Amino acid sequence: MNSLTNLLIPAVLFFALGFLARVIRSDLRFPPDLAKILSIYLLVSIGLHGGFELGKAELGTAAASVAWALALGFGLPLIAFALLRLSRGVDRLNASAIAAHYGSVSAGTFLTAVAFLENQGIEYERYPLIMLAVMESPAIVVGLLLATWSRGREAGAASGARAEGGHLGAMIREAFTNGSVVLLLGSMLIGALASPKSIESLHPFTTEIFMGMLCLFLLEMGMEAGHRFSDFRRVGWLLGVFGVLMPLIGGAIGVVIGHYGLGFDAGGTTLVAVLGASASYIAVPPAMRLAIPEANPSFYLTLALGVTFPFNVVFGIPIYHALSQWAIRVG
Amino acid sequence: MNSLTNLLIPAVLFFALGFLARVIRSDLRFPPDLAKILSIYLLVSIGLHGGFELGKAELGTAAASVAWALALGFGLPLIAFALLRLSRGVDRLNASAIAAHYGSVSAGTFLTAVAFLENQGIEYERYPLIMLAVMESPAIVVGLLLATWSRGREAGAASGARAEGGHLGAMIREAFTNGSVVLLLGSMLIGALASPKSIESLHPFTTEIFMGMLCLFLLEMGMEAGHRFSDFRRVGWLLGVFGVLMPLIGGAIGVVIGHYGLGFDAGGTTLVAVLGASASYIAVPPAMRLAIPEANPSFYLTLALGVTFPFNVVFGIPIYHALSQWAIRVG
Amino acid sequence: MNSLTNLLIPAVLFFALGFLARVIRSDLRFPPDLAKILSIYLLVSIGLHGGFELGKAELGTAAASVAWALALGFGLPLIAFALLRLSRGVDRLNASAIAAHYGSVSAGTFLTAVAFLENQGIEYERYPLIMLAVMESPAIVVGLLLATWSRGREAGAASGARAEGGHLGAMIREAFTNGSVVLLLGSMLIGALASPKSIESLHPFTTEIFMGMLCLFLLEMGMEAGHRFSDFRRVGWLLGVFGVLMPLIGGAIGVVIGHYGLGFDAGGTTLVAVLGASASYIAVPPAMRLAIPEANPSFYLTLALGVTFPFNVVFGIPIYHALSQWAIRVG
Amino acid sequence: MHRLFSEKLVTIITSDVLEELLVASVRKRGASGYTLLRARGAGSEGLQTGVLWVDSNLLMKVILPPERLSGLLDDLDALIAKGHHLTVFVADVGVLGHEKFERPLKS
Amino acid sequence: MHRLFSEKLVTIITSDVLEELLVASVRKRGASGYTLLRARGAGSEGLQTGVLWVDSNLLMKVILPPERLSGLLDDLDALIAKGHHLTVFVADVGVLGHEKFERPLKS
Amino acid sequence: MHRLFSEKLVTIITSDVLEELLVASVRKRGASGYTLLRARGAGSEGLQTGVLWVDSNLLMKVILPPERLSGLLDDLDALIAKGHHLTVFVADVGVLGHEKFERPLKS
Ligand SMILES: Nc1ncnc2c1ncn2[C@@H]1O[C@H](COP(=O)(O)O)[C@@H](O)[C@H]1O
Ligand SMILES: Nc1ncnc2c1ncn2[C@@H]1O[C@H](COP(=O)(O)O)[C@@H](O)[C@H]1O
Ligand SMILES: Nc1ncnc2c1ncn2[C@@H]1O[C@H](COP(=O)(O)O)[C@@H](O)[C@H]1O
Ligand code: NA
Ligand code: NA
Ligand code: NA
């Protein structure tokens, strides 16, 4: 329940080890491809596993989950954008790009939350998994729209924005053919379609060795977060505060949706909170880099990967879980 | 039994997902090394597993399997070469290179067929595994001999061909020290030599996570096939027809050999058919590129990987299985 | 008990297969990153597993193990250095660099010895695992001190050595932030700290697929050893003899320490002997290359990887085991 | 003696996410091919560690007949004007077999 | 027409273990960035197969204004003098947008 | 000031399967070493995606004293004449420490 319990989960400890290795300037290095391989493995495995379980889902709750996921995906970036503009820390285009990250989700954080729940023997609903898959794209679309609007404002003329029209269509297409989206949705579909027996034969691969793969992934992400964290100064403290405040806001909204909107138990509500709180660092950054080249990648990468990700893994998850339990107690 | 059942095998579905990702131009990408790592894993695992089981094989059937495998490996390229020359689609050297691919085998297709059988609870003999290992090399040798002969024909003089003599020896040596051959035969030998207890301790690695690894491999191969498939136009429709006809011929010959020649049941016969039908896209292409530089790699890669491989995985395997059952029924 | 039994362990057979593939000049190739990925996996897995078991260790024996490990780590390089200087095969700086390798350890050899023991159903103490983690660094420090002293001797003046002072501090810091050390010690700590239930959930990853991963690793290391072995001529026969003699000396000292110093049984004593006998080829070489640039890497890599590693894997382990049994019989 | 023919070698270093755009431009501008290498690095946009797709760099090499250089550089300038970060440099090289580099890539 | 500006391109090939030292030197000498590629090879120190960290090579490319070249080469010479093995070569290149290469990397 | 010595830099881009042949030729022609990089690309033989060994490219760099260039180019021409596809280009570079490049690789 307390943060210490969380810290005794191997996945979290490996994240800390990676972070520490950077801090003490160890020469520990991973082949760059390993993180890519591990994230492919993780997406395929949770997709297969989740799709299989969702094959047995109630249609009503599933539809409601999708609807709420869309609401989160479209709404959170707007909140993030407003906050960023209020803080006057960055210009409109950087704000658009950062906002998109916070409307989307981090599978790594989500899985750490699952490990947290399983470690404590807490049951959880499977619907948040659909939400994870659904939430990758809308935030990208909102980010692009915000950027188009911002360019219009900054150019002081609507002409520029209009010229981007066709381009925007292509970008939105890309939001839905994004590699991570295809991998996750595709695997879920396969998990739902394939014969139960054949999915069971995949069990040792998708489930039994899963936690170990997650540990390796978080070890490498810990190193990467450590790298990014040292860029903190370049980002400034105002943005740094945003990187901690925004997940708390997103997490609180997630608790409300999970508990009141979807009627989930403490486990499922925690997971919805984590979806709200986490910021994408795999699917969204390439989309932003391509579509909003004016924004500085070291801003959004430092925030999503160097600030929000570690915050969520170490402090956020137990906080969202406590919040969820409190919401359920209060009713 | 029907093609739909086949399509509900996760491995086949992942192949389709990869193919589809290319078609919708998703930015899904795999680190290039992953396919190489997965194919090393697959060869070692089937080698170990197969060698262990073959340690208990009957010498008579094993010897007969090797003999028939040699017959297929030496015979099929000649049929393929004749067909290609008849179609007048390509010159002699390209025909030699392509022919070698069809005399050899694709481990990926073979393993998908195994998944197909296991998914339906169909028993199968293990001898086709020896055949798989045996069939890699002879087709390479035949391809080289055809090329040498073709060069002689095209140069209009025997002198050229003779000059290549020493070179040819080196090439044939390479057919037998080919990386895939060494890996597969070596692992089989280890599987047969090592103590049963130690092989059992490898079981979780070689067998339990196997299907998952195969899925990842086929996912990436699906993308690669999608890539190659789009080169289809460059190859022309005549070659395209060859890429579908030749596996049907090879598969039919395989059914005859499996059932009448070796007396296998429907499962084993299906696997022999798949050996006849499939075209190599890992072991043979590098050998051809090195030894028949005059041939165009985009011809043989498009055919083996972009046409025949998808055809076999989706349509071929259920067809060969139906043929095998029919042969057994007919007697 | 005899060398043949050893050779029937899959891990050893795969090492031989890799070596053989090089000897017959097969074009078998592994993506270079695979070895790095596998060694990360191996270190994390033995760390987790070992840390978990050591959580239950007796403090007294653990402390004694650490003390003896330090003694080995500091002592063996001095013996190696003396031998190398006596043989007059190399100059002081090369001798310093080589000596450091022999004071440190090879996890690959250690794990092969574990496989050897498990294959024969021999029990072994877990303390040698702490020793493995402890022994990586001291030898690096001794190597650096020897090099500093040697530079002073060769320059004929103390001034050079003194100028290196600050530099030396940085180097010693690096000995303890070495990537392998951080990975192994970190994983052991996590194994000891995390809840037993969560460590159990990692079991399929860290333990069940472990032997298979070790086989792949040794296969690639076999190829690499084969590569290095062919550089043998460049090294000269005197150094070659050192590469076989030094492990025998280190192994014998290890037997004495394991049996008389620590009171281990035949299994644990064998492992201590292997720690004494093996030479590092992952953690130490980069440290030496950076800190003793005057030394020739092809000397220490050929010796550690091309001579001592194969010798230990094939002949050494059964010899050290026989020695251990003999010591116990003699009392 | 070998005749080496003068061509232009353009090298482009930028983020992996631009791969498709660059390839399209190289095809359009009539190069006979292109070569891609994976890279890491650092620059004004910060560290590119190569761990995530977004922080991996690519290094593209394109050999072009001098008269086609200008068109390609136009495209690259346009990308830079949009805000993309590209490191671009051009060198003179002598190639073996210059006809090879005159035949545009079939698409 | 495109104005290409003359800069120096320094290429360094050496063992992976020197990465940190080289990056530090490039930062100190005022380059605007650097690019790293993974390499294998062979030379007087033997085969570098790329299988272990110690036998992997890196290839570093640094573009520098001509007046900053000398400082970087001094550092490289110092490494060579200590016994490190470095293959270093310099070429003249024309870059797009030369201001980019004048701004030293922020550390 | 640094003395930079003039050498020739030969770059060869081709399929991975030619590695052994190229290395053998570089050794024979007296280079002091060579460097290999992994590459992808496209050309007249189609797409080289790097996924399979056969469709991976390698990029080889060899620094040679000018007088040894011709021999190496002869070998490369011979490969091209046999039907192999090689992209080869040569540039002038200034190296640090030219004696290093005079000593042929021990085999
Ligand atoms: N001076 C330089 N020399 C070599 N590569 C550079 C240099 N500056 C930038 N780069 C490369 O170009 C990429 C983009 O740089 P930048 O546009 O400064 O963000 C960096 O990640 C480096 O790989
Ligand atoms: N003549 C050369 N051409 C290209 N690369 C070289 C050459 N000589 C050495 N190298 C590279 O530089 C590294 C170090 O070489 P060396 O200093 O000779 O040990 C080698 O591993 C090669 O990658
Ligand atoms: N114009 C070019 N610029 C750069 N690389 C090229 C060019 N043409 C071909 N290549 C490279 O050389 C390889 C072989 O080309 P090709 O001989 O045209 O099949 C290709 O896969 C590319 O990597
Ligand atoms: Na979010
Ligand atoms: Na076949
Ligand atoms: Na030792």
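Proteins get letters first, then strands, A, B, ... in listed order; numbering begins at 1 in each. From a predicted model like this one, the values you see are computed outputs, not experimental measurements.
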Would you mind checking which part of [X] comes under 4.5 Å of any heavy atom in chain F, side chain (CB onward), backbone (N, CA, C, O), both or neither?
X: E:Ile12; result: neither
X: E:Thr11; result: neither
X: E:Leu9; result: neither

- Could you give the distance from CG (E:Leu59) to CG (F:Leu36), rounded to the nearest 0.5 Å?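 So the gap between those two atoms works out to 11.5 Å.
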- Message: Nearest 0.5 angstrom please: F:Glu7 CD to E:Thr87 OG1, how far?
- Response: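 Atom-to-atom, F:Glu7:CD and E:Thr87:OG1 are 11.0 Å apart.
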- Message: Please determine whether the number of non-hydrogen atoms from other residues, nucleotides or ligands lying under 6.0 Å from atom CD of F:Glu20 exceeds 12.
- Response: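 For F:Glu20, atom CD is not crowded (no more than 12 foreign heavy atoms under 6.0 Å).
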Heavy-atom contact with chain E under 4.5 Å, split by part of [X]:
X: F:Phe5; answer: neither
X: F:Ser32; answer: backbone
X: F:Leu58; answer: neither

- Task: For F:Val93 and E:Ala91, work out which heavy atoms get closest and say how close.
- Result: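 Smallest heavy-atom distance, with atoms named: CG1-CB, 4.2 Å.
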- Top of F:Arg38, F:Met60, F:Glu19 for chain E proximity - count of heavy-atom pairs under 4.5 angstrom: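 Of F:Arg38, F:Met60, F:Glu19, F:Glu19 has the most heavy-atom pairs under 4.5 Å with chain E.
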- Task: Could you tell me which of E:Gly46, E:Gly41, E:Ala42, E:Ser44 has the largest number of non-hydrogen atom pairs under 4.5 Å with chain F?
- Result: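 Going by pairs under 4.5 Å, I would pick E:Ala42.
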- Of F:Val95, F:Leu96, F:Leu4, F:Asp92, which is the lone residue that meets side-chain contact (heavy atoms from CB on, under 4.5 Å) with E:Phe89?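 With E:Phe89 as partner, side-chain contact (heavy atoms from CB on, under 4.5 Å) holds for just one option, F:Val95.
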- Hey, mind stepping through F:Leu37 and E:Arg40 against side chain to side chain contact (heavy atoms under 4.5 Å, CB included) and telling me if it holds? CA-CA 7 Å; F:Leu37 301 154; E:Arg40 298 145 53 216; over 6 Å; no
